[in-house]
There are 2 protein chains.
Amino acid sequence: MRMQPRRRVSIRDIADAAGVSLTTVSHALNGKGRVQPETRARIFALAAELGYSANPHAQRLATGRHMMLAVQISGFGGKALATDSAYFVDVLNSVSAAALDHGYTAVLAAPDMRPRDIDAFAVDGAIVVDPTGEEPLLTTLAQRGAPVVTTGRVLGAGQTSGWVDNDLRKAATRVLDHFGDAGYERPAILTGPLTRSYAADTVETYERWARERGIEPISVAVRSGMSAAAAMRAAEALLSRRDRPDAVYAMLDVLALATAHVARRRGLSVPGDLGIAAAFDSEVLRWADPPLTAFDLHPARIGREAVALLTAVLADPTRAGRSVTVPAKLISRASTARSG
Amino acid sequence: MRMQPRRRVSIRDIADAAGVSLTTVSHALNGKGRVQPETRARIFALAAELGYSANPHAQRLATGRHMMLAVQISGFGGKALATDSAYFVDVLNSVSAAALDHGYTAVLAAPDMRPRDIDAFAVDGAIVVDPTGEEPLLTTLAQRGAPVVTTGRVLGAGQTSGWVDNDLRKAATRVLDHFGDAGYERPAILTGPLTRSYAADTVETYERWARERGIEPISVAVRSGMSAAAAMRAAEALLSRRDRPDAVYAMLDVLALATAHVARRRGLSVPGDLGIAAAFDSEVLRWADPPLTAFDLHPARIGREAVALLTAVLADPTRAGRSVTVPAKLISRASTARSG
DNA sequence: ATGAAAGCGCTAACAT
DNA sequence: ATGTTAGCGCTTTCAT
């Protein structure tokens with residue numbers, strides 16, 4: 001049993017053991033090519049044997065690159081979005097894993113972080129999930145010229161370096177068709193604040209869809225502060241109209257649940273009197289009674305793509321401005337299973 | 001409008017501007033006390049004016065301390081726990097914020113990370129949420145002597161530096177009393193794998209409680225892989241017994257929901273025929289029909305306490321081994337509102 | 001193909 | 001109270 005070295009083994013130790021210089025070890029380890037194959041092999045063997053691993057801070061200091069990126073789940077009013085957030089945990093974990101794969105470390109940024117703390121993070125760029133565009137992390141980094149990739153787009157003037165998103169327009173069309181196939185004739189939509197691109201995309205698509213059919217669009221948006229009470233009020237407003245919709249596409253799981261709740265209270269059967277679908281799937285919806293139709297947005301894939309995009313821009317700034325679309329898969333459940 | 005400096009302003013710039021040495025600036029900024037008040041004031045003013053902020057990597061390299069900590073949400077089988085995870089997002093965000101307050105940066109570790117990636121993280125310690133004790137992050141760091149604080153305890157031989165937890169034993173007693181007050185006479189418990197301390201604590205408390213009353217304990221545990229199907233099977237098993245319980249305390253929200261689901265299918269009314277309570281609250285439970293009684297575990301507080309504990313141990317290793325208990329508050333809802 | 005040496009920005013003995 | 005100086009562990013130009 002070998003003694004545990006008190007000091008971490010450094011590049012110096014390997015150089016000594018191999019009888020070469022620091023430069024050679026560094027080159028060999030970083031694949032700079034300027035090293036003879038056998039020397040390189042010897043160095044790698046030694047590194048493995050001695051249990052070497054580079055001191056990231058020394059590398060970062062020498063190269064001037066942080067090799068770290070921040071991830072932030074945007075919130076409603078500084079608080080984390082109050083809903084089923086398995087989606088967010090999946091995104092976060094996949095970002096962490098993907099970051100490692102690219103040689104980066106993912107640091108977590110709380111939604112209410114202050115701009116002055118950004119320097120302490122020492123990140124090269126950031127990923128912001130479901131941004132409004134107002135997040136201090138996003139604006140501060142953007143203004144410094146550091147790349148920010150978002151999951152969901154920032155509406156309006158784009159100051160980000162790219163985005164990855166599901167095609168929410170296609171999803172809206174898909175769900176409206178799905179409603180139509182099941183015989184629903186007056187679908188409505190229920191959204192959160194329109195500051196999020198998923199809501200804006202859906203509203204736009206829905207309104208065009210309605211216009212094309214000469215149907216009066218019915219939509220309610222919870223303008224700010226997504227709470228259970230606000231969700232209930234919105235659902236109530238929707239279902240108490242004289243031209244009550246016979247189907248509702250809700251942007252958030254809480255909105256879908258609120259709709260189901262209000263429907264039940266009003267004696268409307270789901271899916272008989274009212275069809276309900278949600279824009280993203282969650283455990284809550286699977287467990288509702290009846291289970292609610294929703295889209296699988298593939299959160300892990302979204303996280304991975306966001307990291308790929310960000311690291312690509314970091315490696316080559318000319319690649320900024322790209323986007324990636326991840327498919328959304330409709331999971332049809334009982335809440336829309338009315339025979340057409 | 002001043003020109004944006006191409007290079008970040010360093011301690012050197014401040015020293016030059018103030019006409020003092022690097023040491024003095026460093027001392028002043030770090031509050032080493034060895035500086036005249038007026039000099040210090042001048043240095044701070046200059047630092048603010050020039051927009052100085054320390055290069056964390058240089059500090060870390062010089063001090064040998066990473067000033068970073070890892071956070072990990074333990075999973076079931078390498079995947080994130082499939083349930084309402086607003087709880088986890090709250091813990092994560094509070095850990096991030098608290099870490100900053102203590103001068104640390106929180107880096108995110110995916111539950112399926114490989115041990116070899118731990119060096120790349122370069123953290124001084126870690127916080128693991130709901131550990132089994134088998135997490136590579138935990139075992140690897142512990143074996144290196146790096147402190148690990150857990151949220152929920154590791155069962156068995158403790159190799160961690162402290163833990164913060166809700167008092168799940170007290171909570172179990174509380175909910176059993178609550179059931180009793182409402183007139184329920186044969187409460188049962190439904191748990192996930194007993195590798196988590198919250199489950200073990202609850203089982204132990206419940207069994208003692210039953211023993212003391214000469215009641216035959218009724219409990220079902222989902223041994224591994226928490227899925228919707230597994231939860232349903234467990235609930236089914238519980239409610240199909242000839243000595244069917246009249247109340248169920250479920251450790252996870254999915255288990256509570258599954259119980260409500262099965263009850264409904266079997267024509268059992270909640271809370272009339274069956275009382276249901278869950279160990280931790282979530283949006284899902286608020287929206288269930290009827291809404292389910294549960295405990296508020298104060299996730300943000302748990303995250304903050306975990307960081308406080310970890311940084312305390314980091315600052316002074318003799319403080320290892322402490323623990324903090326965060327209260328759990330019973331939120332009584334319709335699912336247990338049977339008149340006793 | 002390999003080595004010497006400077007430097008990344010900061011801290012911390014050790015002077016003075 | 002303030003300054004000098006030697007690192008921290010690595011990368012990288014420039015020699016050889």
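All chains are named by letter (A, B, ...) in the order of the sequence lines, taking the proteins before the strands, and each is independently numbered beginning at 1.
At the phosphate of C/dG9, neither OP1 nor OP2 sits under 4.0 Å from any side-chain N or O atom of B/Q59. Residue B/N30 places at least one side-chain N or O under 4.0 Å from the OP1 or OP2 atom of C/dT11. Residue A/T39 has a polar side-chain atom (N or O) positioned under 4.0 Å from OP1 or OP2 of C/dT2. Look at A/T23 and you won't find any side-chain N or O under 4.0 angstrom from OP1 or OP2 of C/dG3. In this structure, A/T24 reaches the C/dG3 phosphate: one of its side-chain N or O atoms is under 4.0 Å from OP1 or OP2.
Nearer the 5' end of DNA chain D, as judged by each residue's closest nucleotide, is the contact made by B/L22, out of B/L22 and A/N55. Taking for each of B/V20 and B/A58 the nucleotide of DNA chain D with the nearest heavy atom, the 5'-most of the two is the partner of B/V20.
In this structure, A/T63 reaches the sugar-phosphate backbone alone: every heavy-atom distance under 4.0 Å involves primed, P, OP1 or OP2 atoms, never a base.
One can place CZ of B/R60 at 16 Å from P of D/dC10, the figure rounded to the nearest angstrom. Whole-Å rounding puts the A/D16 CG to C/dG3 C1' distance at 14 Å. Computed from coordinates, the A/I14 CD1 to D/dT11 P distance equals 11 Å when rounded to whole Å.
Salt bridge B/R301/B/D90: absent, no basic N to carboxylate O contact under 4.0 Å. A salt bridge links B/D119 with B/R144: at least one charged nitrogen is closer than 4.0 Å to a carboxylate oxygen.
Taking the side chain of A/S21 as heavy atoms from C-beta on, and the options D/dC8, C/dG3, C/dA1, the nearest nucleotide is C/dG3.
At a cut-off of 3.5 Å, with distance as the only test, a side-chain donor of A/T24 or A/S21 sits close to an acceptor on the other residue.
Of the possible polar contacts, none joining the B/T151 side chain to the B/V129 backbone as a donor-acceptor pair under 3.5 Å is found.
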